[in-house]
Protein chains: 2
Amino acid sequence: MGITKTDKFTKQQNEIANLAKAFSHPARVAILEHLLNVNTCINGDLVKEIGLAQATISQHLKELKNLELIQGNISGTSVCYCINPIKWTEVNIIFNEFIGKLKMNNCC
Amino acid sequence: MGITKTDKFTKQQNEIANLAKAFSHPARVAILEHLLNVNTCINGDLVKEIGLAQATISQHLKELKNLELIQGNISGTSVCYCINPIKWTEVNIIFNEFIGKLKMNNCC
DNA sequence: AATATTAATCGTAATATTGCAATATAACAA
DNA sequence: TTGTTATATTGCAATATTACGATTAATATT
C-alpha cells in the first residue's frame, strides 16, 4: 500500500528511519559530502557538481532542509547552504548508538 | 521519473545510499534492533514483535538479506536469522567516515 | 500418508519517490 | 523600468516502495 505504519514503531525507530531516508539517495549524499568538504555552497554549484537539473537539486535541498540537516541563508540573489552542525552532531550520536550496538555474534 | 541516476555518483555515494535505504524503514530498523538485542530469531518472532503481516516481515528480511546485513540459516521448518557481523562492522566504518566528517562549521 | 507449522513468493492495490520542463519569485544591475 | 541571475514551486510521467491475502514449498508431527 506504500504507506508506512508509523504507529507500530517507537519514536526512535521512526527517527532513525527518517534520517536514513535523507541519506538514501546518492544525490543527497553527494550534496552533504560536498558541503562537508567545502563548508558552504549555492544551488548552482551543486547543479554543476552533480549534473542533475536545477529543479531536482532544489528539491533534494528542500528535503535536507526540512530535516534540518542543512541550513540555507539568503545572500544576495543566491542562497548559501551549509551543514547544520548541531543537528549533524545529533545524527552522529543517533547512528553511533544504533549501528555501534553489536556485541556478541553467535549466529545460528 | 522515479529512477535514480546512479551513474552520476561515485561508487561510495551509491553504497551509502543503498545501505541507508535499508535503514530507511522503521520495520527494518526494528528488525535489526531486535536482532542486535536477542542475537537470533525467526520470522514468526518478528511478526509477533512488530505486528505486521508475515509476508511483509518476510519481504523486509529479504531486503536486509540481499544487502548481507543479516543472514538466515534453515533450522527445521523455520529460518534462524542473525546480524552478519562482518558486514555490520563494515557498515559501521562507512557511516562513521561519512557522518563523522564534520570539521569546521563556519556557516554562511 | 495426512496434517500442521513455518516461511517464501506471487499478485495486486495504494502510496511515495525521482526527475525535469515550465513557470514563478526574488534580488540585484544598468 | 528592464534585463539578468539564482532559486523555488508546480505539475506531470515514470518508477519504486509498502502492505497483505492467497498460494506454494518444505519440513515436522501424528
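As the structure is a prediction and not an experimental result, all values here were calculated from the model. Just so we're on the same page: letters track the sequence lines, and every chain starts at 1.
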A.B. asks: Just call it for K8(A): base, sugar-phosphate, or nothing, with non-hydrogen atoms closer than 4.0 Å on any strand.
C.D. replies: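 Nothing: the residue K8(A), judged by heavy atoms under 4.0 Å, touches no strand.
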
A.B. asks: Can you name the closest pair of heavy atoms from L35(B) and C82(B) and give their distance?
C.D. replies: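 So the minimum-distance heavy-atom pair works out to CD2-CA, 4.0 Å.
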
A.B. asks: When you check the phosphate oxygens OP1 and OP2 of dA19(D), does a side-chain N or O of H60(B) lie under 4.0 Å from one of them?
C.D. replies: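 Yes.
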
A.B. asks: Rounded to the nearest angstrom, tell me the gap between atom CG in L64(B) and atom P in dT17(D).
C.D. replies: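 Answer to the nearest Å: 13 Å.
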
A.B. asks: Which nucleotide, in any strand shown, forms a Watson-Crick or G-U wobble pair with dT30(D), with both distances under 3.5 Å?
C.D. replies: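 dA1(C) - that is the nucleotide pairing with dT30(D), both distances being under 3.5 Å.
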
A.B. asks: Any donor-acceptor pair under 3.5 Å linking the side chain of K87(B) with the backbone of L69(B)?
C.D. replies: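 No; zero donor-acceptor contacts below 3.5 Å.
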
A.B. asks: Are L67(A) and L61(A) co-members of a hydrophobic cluster defined by side-chain heavy atoms under 4.5 Å apart?
C.D. replies: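 In one cluster with L61(A): L67(A), yes.
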
A.B. asks: For Q71(A), does its backbone N or O pair with a side-chain atom of N84(A) as donor and acceptor, under 3.5 Å?
C.D. replies: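 No, the answer is negative, given that no donor and acceptor are paired below the 3.5 Å cut-off.
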
A.B. asks: Taking all non-hydrogen atoms of both residues into account, name the closest pair between A30(B) and F9(A) and its distance.
C.D. replies: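 Closest pair (atom of A30(B), atom of F9(A), distance): CB-CD2, 4.1 Å.
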
A.B. asks: Do the side-chain N or O atoms of K21(B) get closer than 4.0 angstrom to the phosphate oxygens (OP1, OP2) of dA16(D)?
C.D. replies: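 False: K21(B) side-chain N/O out of range (4.0 Å or more) of dA16(D) OP1/OP2.
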
A.B. asks: Please check if L64(B) and I74(B) belong to a single hydrophobic cluster, counting links between Ile, Leu, Val, Met, Phe, Trp and Tyr side chain heavy atoms closer than 4.5 Å.
C.D. replies: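 Same cluster.
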
A.B. asks: Show each protein N/O and nucleotides 7-9 of chain C N/O combination with a separation under 3.5 Å, one pair to a line.
C.D. replies:
{"from": "dA7(C)", "atom 1": "OP1", "to": "N43(B)", "atom 2": "N", "distance (Å)": "3.2"}
{"from": "dA7(C)", "atom 1": "OP2", "to": "G44(B)", "atom 2": "N", "distance (Å)": "2.8"}
{"from": "dA8(C)", "atom 1": "OP1", "to": "Y81(B)", "atom 2": "OH", "distance (Å)": "2.3"}
{"from": "dA8(C)", "atom 1": "OP2", "to": "N43(B)", "atom 2": "ND2", "distance (Å)": "3.1"}
{"from": "dA8(C)", "atom 1": "OP2", "to": "S58(B)", "atom 2": "OG", "distance (Å)": "2.8"}
{"from": "dA8(C)", "atom 1": "N7", "to": "Q54(B)", "atom 2": "NE2", "distance (Å)": "2.8"}
{"from": "dA8(C)", "atom 1": "N6", "to": "Q54(B)", "atom 2": "OE1", "distance (Å)": "3.0"}

A.B. asks: Go nucleotide by nucleotide along DNA chain C from the 5' end; which of L52(A) and I74(A) gets its closest nucleotide reached first?
C.D. replies: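 Looking at DNA chain C, the more 5' nearest nucleotide goes with L52(A).
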
A.B. asks: Tell me: CG of N18(A) to C1' of dT17(C), nearest whole Å?
C.D. replies: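 Distance check: N18(A) CG to dT17(C) C1' gives 14 Å.
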
A.B. asks: Quick check on contacts: within residues 23-38 of chain B, what sits under 4.0 Å from DNA chain D by heavy-atom distance?
C.D. replies: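 Listed by number, they are H25(B), R28(B).
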
A.B. asks: Quick check: do V91(A) and F23(A) have side-chain heavy atoms less than 4.5 Å from each other?
C.D. replies: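 Side chain of V91(A) against side chain of F23(A), heavy atoms only: contact under 4.5 Å found.
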
A.B. asks: If you count every heavy atom of other residues, nucleotides or ligands that lies below 6.0 Å from K62(B) atom NZ, does the total exceed 12?
C.D. replies: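 No, because the 6.0 Å sphere around NZ of K62(B) holds 12 heavy atoms or fewer from other groups.
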
